[in-house]
Novice: 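Just passing along the structure, written as structure tokens.
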Amino acid sequence: MEQLVGTRAVSNSEEEMRRKHECSRERHKSLRARFVYGIIFLVMNLKAWFFRDYGQKILSKFNYIKACGIEGQDCCHTFGVLRVSLGCFIFFFGMFVTTIKTRKLYEARSKWHSEWWTPKFFLLIISAAAPFFFPSKYIQLYGELARIGAGVFLVLQLVSVIEFITWWNNYWMPDKKMKQSCSLGLFMSTIIYIASVCGILVMYFFYGRSLDCSLNIFFITWTVVLLTVMMAISLHSKVNRGLLSSGIMASYLVFLCWSAMRSEPVNEKCNKQNQADGNRDWTTILGFIIAICAIVMATFSTGIDSQSFQFRTNKVEEEDNIPYDYGFFHMVFALGAMYFAMLFISWNLNNSATKWVIDVGWTSTWVKIINEWFAATIYLWKLISPVVRQPKVMDVEGHSVPEPDS
């Protein structure tokens with residue numbers, strides 16, 4: 001009997017080891033797959049740029065496609081971008097529909113996400129080619145919807161950035177009793193705030209040197225006000241969040257403000273940097289490539305950051321759970337395709353963009369400025385919401401007082 005029990009124990013142990021090995025192998029496949037999807041996303045958006053800048057010159061075959069109109073005009077420039085973007089959206093939205101609510105690594109939908117690349121390759125080709133046969137009115141409608149989708153993407157990205165800032169703050173300053181970590185966090189805060197102040201001064205120098213540039217002066221000054229308010233609230237005794245998280249957020253707001261003014265049209269007198277870069281020299285091309293890669297990385301990081309959007313914090317992690325939310329990942333990439341399209345056409349469906357230029361125009365400027373203000377609003381609410389929502393108890397005299405922190 002003892003020998004039989006021992007044999008069963010060994011058998012169960014071997015089965016457990018085999019199961020762990022299979023889960024580990026499936027997990028690695030899933031983690032590798034996300035990089036493949038990132039490459040697909042990059043290639044599709046480079047294709048959109050190619051169709052915008054060089055499509056009509058090189059792809060003369062468009063003349064034979066009825067939906068492309070006279071001389072293929074409706075398949076190049078702005079409409080070319082929208083058609084490629086629609087193909088990218090169809091592919092990732094299809095992946096979203098087929099992988100949503102996947103929970104376990106051994107599910108068929110998990111294998112569809114991580115394997116089966118040959119049928120997915122054909123699906124990608126069909127998705128990329130189909131929009132070039134759609135009538136232009138449908139492409140115009142997609143362009144209008146893409147504005148909304150791009151806005152949703154910006155909100156998701158913003159939440160992900162704020163959660164990252166919170167994580168970074170907790171990483172550098174995990175415990176107030178650990179003097180070494182706090183001093184290092186204080187040092188980092190000082191460096192970040194100095195960099196933010198330098199950024200403000202540089203923006204005043206390049207974009208607000210004259211009273212004629214009153215709009216730019218307003219943008220920069222309001223950014224200074226937001227930074228001051230964030231710092232004051234962070235240091236308030238009831239909030240007491242320190243300077244690190246508000247410093248990181250301050251640098252992010254300065255970057256958004258600078259990016260917004262960089263997006264102002266080239267022929268504006270208050271944007272001397274853009275005028276100097278008006279020719280397509282190596283700096284313009286390098287800046288364009290860096291912008292493309294940065295947006296792809298931002299989309300990728302937001303896609304794998306589904307934990308920032310989970311409302312249930314008591315979820316138990318098991319060995320055979322998927323490492324990231326597949327459905328959310330593909331949804332972010334689908335919305336990212338819409339966002340990329342808006343950047344290439346500067347949020348203007350009647351835009352005729354200059355070669356090697358991305359996200360330039362007054363619409364782009366205001367989108368970034370509103371994004372900056374919205375980011376500051378969400379962050380400020382994140383600071384004060386624990387104080388506002390703090391439950392109150394009645395003292396012995398019947399007065400309402402805040403309940404002490406546990």
Novice: Within 45° of the ring axis of Trp112 and under 6.0 Å from its six-membered ring centre, is that where the NZ or CZ of Lys120 lies?
Specialist: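 Ring-cation test returns yes.
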
Novice: Can you tell me how far the CE atom of Met261 sits from the CD1 atom of Ile369, to the nearest 0.5 Å?
Specialist: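 Met261 atom CE to Ile369 atom CD1 measures 7.0 Å (nearest 0.5 Å).
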
Novice: Going by the angle between their ring planes, with limits at 30° and 60°, are Tyr142 and Phe89 parallel, tilted or perpendicular?
Specialist: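 Ring orientation, 0 to 90° scale: tilted.
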
Novice: What's the verdict on ring-ring contact (aromatic ring centres under 6.0 Å, His included) for Tyr324 and Tyr326, showing C-alpha distance, side-chain angles and the deciding distance?
Specialist: CA-CA 6 Å; Tyr324 54 95; Tyr326 300 157; 5.2 Å; yes

Novice: Keeping Asn371 on the side-chain end and Val367 on the backbone end, is there a donor-acceptor pair under 3.5 Å?
Specialist: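 It does not hold such a pair.
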
Novice: Do Leu46 and Phe50 have side-chain heavy atoms sitting under 4.5 Å apart?
Specialist: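 In short, these two side chains do not touch, never coming nearer than 4.5 Å.
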
Novice: List the steps, then state whether side-chain hydrogen bond (donor to acceptor under 3.5 Å, both in side chains) holds for Ser246 with Tyr379.
Specialist: CA-CA 9 Å; Ser246 60; Tyr379 181 74; 4.9 Å; no

Novice: Considering only heavy atoms from C-beta outward, does the side chain of Phe91 approach that of Met44 to under 4.5 Å?
Specialist: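 Side chain of Phe91 against side chain of Met44, heavy atoms only: no contact under 4.5 Å found.
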
Novice: Using a 4.5 Å cut-off on heavy atoms from C-beta on, say whether the side chain of Phe92 contacts that of Ile40.
Specialist: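 A side-chain contact exists here, since the closest heavy-atom pair is under 4.5 Å.
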
Novice: For residues Tyr37 and Phe333, establish whether the separation of their ring centroids is below 6.0 Å.
Specialist: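 No, too far apart.
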
Novice: Do Phe41 and Phe340 make the cut of ring centroids closer than 6.0 angstrom?
Specialist: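 Centroid separation for Phe41 and Phe340: below 6.0 Å.
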
Novice: Verify, without hydrogens or angle tests, whether Arg147 (side chain) and Met342 (backbone) share a donor-acceptor contact under 3.5 angstrom.
Specialist: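 Answer holds: no.
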
Novice: To the nearest 0.5 Å, how far apart are CZ in Phe153 and CE in Met331?
Specialist: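 Here the interatomic distance stands at 10.5 Å.
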
Novice: Show your reasoning for whether ring-ring contact (aromatic ring centres under 6.0 Å, His included) applies to Phe219 and Tyr207.
Specialist: CA-CA 10 Å; Phe219 288 157; Tyr207 303 107; over 10 Å; no

Novice: Is it true that, when you exclude Phe255 itself, more than 12 heavy atoms of the residues, nucleotides or ligands shown sit nearer than 6.0 Å to its CZ?
Specialist: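 Result for CZ/Phe255: open.
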
Novice: Mark yes or no for whether Ser346, through its side chain, and Val360, through its backbone, hold a donor-acceptor pair below 3.5 Å.
Specialist: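 Checked: pair present.
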
Novice: Specify the closest pair of heavy atoms between Arg109 and Thr99, including all atoms of both residues, with the distance to one decimal.
Specialist: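 That would be O-CG2, 4.0 Å.
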
Novice: Using every non-hydrogen atom in the two residues, find where Thr78 and Asn348 come nearest and quote the distance to one decimal.
Specialist: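 Distance-wise, the nearest heavy atoms are CG2-O, 4.4 Å.
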
Novice: Minimum heavy-atom separation for Met230 to Leu383, with atom names?
Specialist: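 In terms of heavy atoms, the two residues are closest at O-CD1, 4.2 Å.
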
Novice: Sub-3.5 Å donor-acceptor pair from the side chain of Ser251 to the main-chain atoms of Ser196, do we have one?
Specialist: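 Flag not set: sc Ser251 to bb Ser196 has no pair under 3.5 Å.
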
Novice: Give a yes or no answer on whether the side chain of Ser385 reaches the backbone of Trp381 with a donor-acceptor pair at less than 3.5 Å.
Specialist: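 Between the backbone of Trp381 and the side chain of Ser385 there is a qualifying donor-acceptor contact (under 3.5 Å).
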
Novice: Main chain of Leu156, side chain of Ser160: is a donor-acceptor contact present, judged purely on distance under 3.5 Å?
Specialist: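 Pair absent, no side-chain N/O of Ser160 close to backbone of Leu156.
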
Novice: Ring centroid separation for Phe96 and Phe93, is it under 6.0 angstrom?
Specialist: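 So the answer is yes for these two rings.
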
Novice: Return the minimal non-hydrogen interatomic distance between Ser136 and Arg83, and the atom names on each side.
Specialist: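 That would be OG-NH2, 3.5 Å.
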
Novice: Between Ala341 and Leu82, which heavy-atom pair has the shortest distance, and what is it?
Specialist: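 In this case the closest contact between Ala341 and Leu82 is CB-CD2, 4.3 Å.
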
Novice: For the residue pair Pro131 and Ile139, what are the closest heavy atoms and their distance?
Specialist: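 Reported closest heavy-atom pair: O-CD1, 3.9 Å.
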
Novice: Pick from Tyr138, Phe51, Phe79: which one makes a ring-ring contact (aromatic ring centres under 6.0 Å, His included) with Phe132?
Specialist: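 The option that passes is Phe51.
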
Novice: Please confirm whether the backbone N or O of Val224 pairs with a side-chain atom of Thr228, one donor and one acceptor, at under 3.5 Å?
Specialist: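 Yes, the answer is positive, given that a donor and an acceptor are paired below the 3.5 Å cut-off.
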
Novice: Any side-chain heavy atom of Leu226 sitting closer than 4.5 Å to one from Trp373?
Specialist: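 A side-chain contact exists here, since the closest heavy-atom pair is under 4.5 Å.
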
Novice: Roughly how far apart are Phe205 CZ and Ile200 CD1, rounded to 0.5 Å?
Specialist: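 That separation rounds to 15.5 Å.
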
Novice: Evaluate the side-chain proximity of Leu227 to Val254: yes if any heavy-atom separation is below 4.5 Å, no if none is.
Specialist: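 Yes; the side chains approach each other to less than 4.5 Å.
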
Novice: Atom CD of Glu372 and atom CG of Leu253: how far apart are they, to the nearest 0.5 Å?
Specialist: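 With rounding to 0.5 Å, CD (Glu372) is 5.0 Å from CG (Leu253).
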
Novice: Are the side chain of Ser30 and the backbone N or O of Ser114 linked by a donor-acceptor pair below 3.5 Å?
Specialist: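 Checking the backbone N and O of Ser114 against the side chain of Ser30, no donor-acceptor pair under 3.5 Å is found.
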
Novice: With rounding to the nearest 0.5 Å, note down the distance linking CD1 in Ile322 to CG in Leu31.
Specialist: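 Result: 11.0 Å between the selected atoms.
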
Novice: Got Val155 and Phe374 here, is their nearest side-chain heavy-atom distance under 4.5 Å?
Specialist: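 In short, these two side chains touch, coming nearer than 4.5 Å.
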
Novice: Just by distance, do the side chain of Ser263 and the backbone of Thr365 share a donor-acceptor pair under 3.5 Å?
Specialist: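 Judged by distance alone, no pair lies under 3.5 Å.
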
Novice: Rounded at 0.5 Å granularity, tell me how far OH in Tyr204 sits from CD1 in Ile217.
Specialist: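 The distance works out to 7.5 Å.
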
